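If you're wondering where the values come from, they're calculated on a predicted model, not measured in any experiment.
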Amino acid sequence: ETGFASHDRSDCHAWAAHPAFYHLQLIAGIRSADIGFEEVLIAPNLGDLTELQADMPHPKGRIAVDYKMRRGKLTGTVTLPPGLEGSFEYDGKQQTLTAGVNKLK
């Protein structure tokens, strides 16, 4: 914050976190699938990206994704903390996710 009278808004306001949140939710596809984030749904929207790594905090630990797009096929891993399960959806297919490292099929 500069303290100048002409500076009438806060540069540290929470709206500044908006791009990071939507990067995780929309592009990486990490979202809550149940009340209290007891389950996770991961459904990425990579657009023209060929690789993406992202991780986000969760009350049980960190959720991490690592995607690679090669010749129209998505590969990679989703890592869930202990005690968290969920599902992965991409290109009309669904895969069950469990705690630990999950290879994308």
Side-chain angles (χ1 to χ4, degrees):
E1 302 297 335
T2 62
F4 295 111
S6 63
H7 193 78
D8 60 354
R9 68 177 177 84
S10 172
D11 287 334
C12 65
H13 192 272
W15 63 263
H18 176 84
F21 172 77
Y22 282 102
H23 169 80
L24 292 170
Q25 185 183 47
L26 296 177
I27 300 170
I30 305 169
R31 25 180 106 96
S32 175
D34 196 10
I35 295 172
F37 218 141
E38 289 297 318
E39 290 184 27
V40 65
L41 168 63
I42 301 181
N45 297 290
L46 300 178
D48 291 333
L49 295 175
T50 58
E51 294 185 19
L52 176 70
Q53 293 178 335
D55 67 274
M56 72 177 287
H58 182 277
K60 295 180 179 180
R62 297 201 72 77
I63 299 171
V65 297
D66 183 1
Y67 305 130
K68 291 179 178 45
M69 181 66 74
R70 300 291 186 258
R71 289 179 236 134
K73 181 168 173 51
L74 181 69
T75 61
T77 59
V78 173
T79 306
L80 301 181
L84 184 63
E85 296 180 345
S87 60
F88 179 84
E89 295 178 0
Y90 186 77
D91 198 26
K93 298 175 186 159
Q94 189 169 18
Q95 177 179 337
T96 300
L97 300 172
T98 58
V101 178
N102 297 267
K103 287 195 168 225
L104 301 179
K105 302 174 187 176

Checklist line | side-chain contact (heavy atoms from CB on, under 4.5 Å) between I63 and L84, intermediate numbers included | finding: CA-CA 9 Å; I63 299 171; L84 184 63; 3.8 Å; yes
Notebook entry, point to check: Taking it one step at a time, do L104 and V78 satisfy side-chain contact (heavy atoms from CB on, under 4.5 Å)?
Noted result: CA-CA 7 Å; L104 301 179; V78 173; 3.8 Å; yes
Notebook entry, point to check: Any link between V101 and F88 through a network of hydrophobic side chains (Ile, Leu, Val, Met, Phe, Trp, Tyr) touching at under 4.5 Å?
Noted result: no
Check: Which atom names give the shortest non-hydrogen contact between R31 and V40, and what distance separates them?
Finding: O-CG2, 3.4 Å
Next item on the list: Spell out, as yes or no, whether a donor-acceptor pair under 3.5 Å connects the side chain of D66 to the backbone of T77.
Entry: no
Notebook entry, point to check: So H58 and F37, would you call those rings parallel, tilted or perpendicular, with 30° and 60° as cut-offs?
Noted result: perpendicular
Check: Hey, quick one: are Y90 and L26 part of the same hydrophobic cluster, counting side-chain heavy atoms closer than 4.5 Å, chains of contacts allowed?
Finding: no
Check: Looking only at heavy atoms, what is the nearest atom pair of R62 and P81, with distance?
Finding: O-CD, 3.3 Å
Note to self: Can a donor-acceptor pair be found, under 3.5 Å and without considering hydrogens, that links the side chain of Q95 to the backbone of K103?
What the structure shows: yes
Note to self: Is the shortest side-chain heavy-atom distance between I27 and N45 below 4.5 Å?
What the structure shows: no
Next item on the list: Please determine if K60 and E38 form a salt bridge, counting it only when a charged side-chain N lies under 4.0 Å from a carboxylate O.
Entry: yes
Next item on the list: Measure across L74 and P44 and return the closest heavy-atom pair with its distance rounded to 0.1 Å.
Entry: CD2-CG, 4.3 Å
Item checked: L46 side, atom CG; K68 side, atom NZ - distance, nearest 0.5 Å -> 12.0 Å
Check: Of all heavy-atom pairs between L24 and D55, which one has the smallest distance, and what is that distance?
Finding: CD2-O, 3.8 Å
Check: Can you tell me if E51 uses its side chain to pair, donor with acceptor, with the backbone of M69 under 3.5 Å?
Finding: no
Check: Atom CE of M56 and atom CD of Q25: how far apart are they, to the nearest 0.5 Å?
Finding: 8.5 Å
Check: Distance-only, no hydrogens or angles: does the Y67 side chain make a donor-acceptor pair with backbone N or O of A28 under 3.5 Å?
Finding: yes
Next item on the list: Decide yes or no on side-chain contact (heavy atoms from CB on, under 4.5 Å) for R70 and T50, but give the supporting numbers first.
Entry: CA-CA 7 Å; R70 300 291 186 258; T50 58; 4.2 Å; yes
Next item on the list: Apply side-chain contact (heavy atoms from CB on, under 4.5 Å) to the pair L80 and E39, showing each step before the final yes or no.
Entry: CA-CA 10 Å; L80 301 181; E39 290 184 27; over 6 Å; no
Next item on the list: Compare every heavy atom of I42 with every heavy atom of I30, then report the nearest pair and how far apart it is.
Entry: CA-CG1, 4.3 Å
Check: Looking only at heavy atoms, which two atoms of A99 and G83 are closest? And how far apart?
Finding: CB-N, 3.9 Å
Item checked: Members sharing L41's hydrophobic cluster (side chains within less than 4.5 Å) -> none
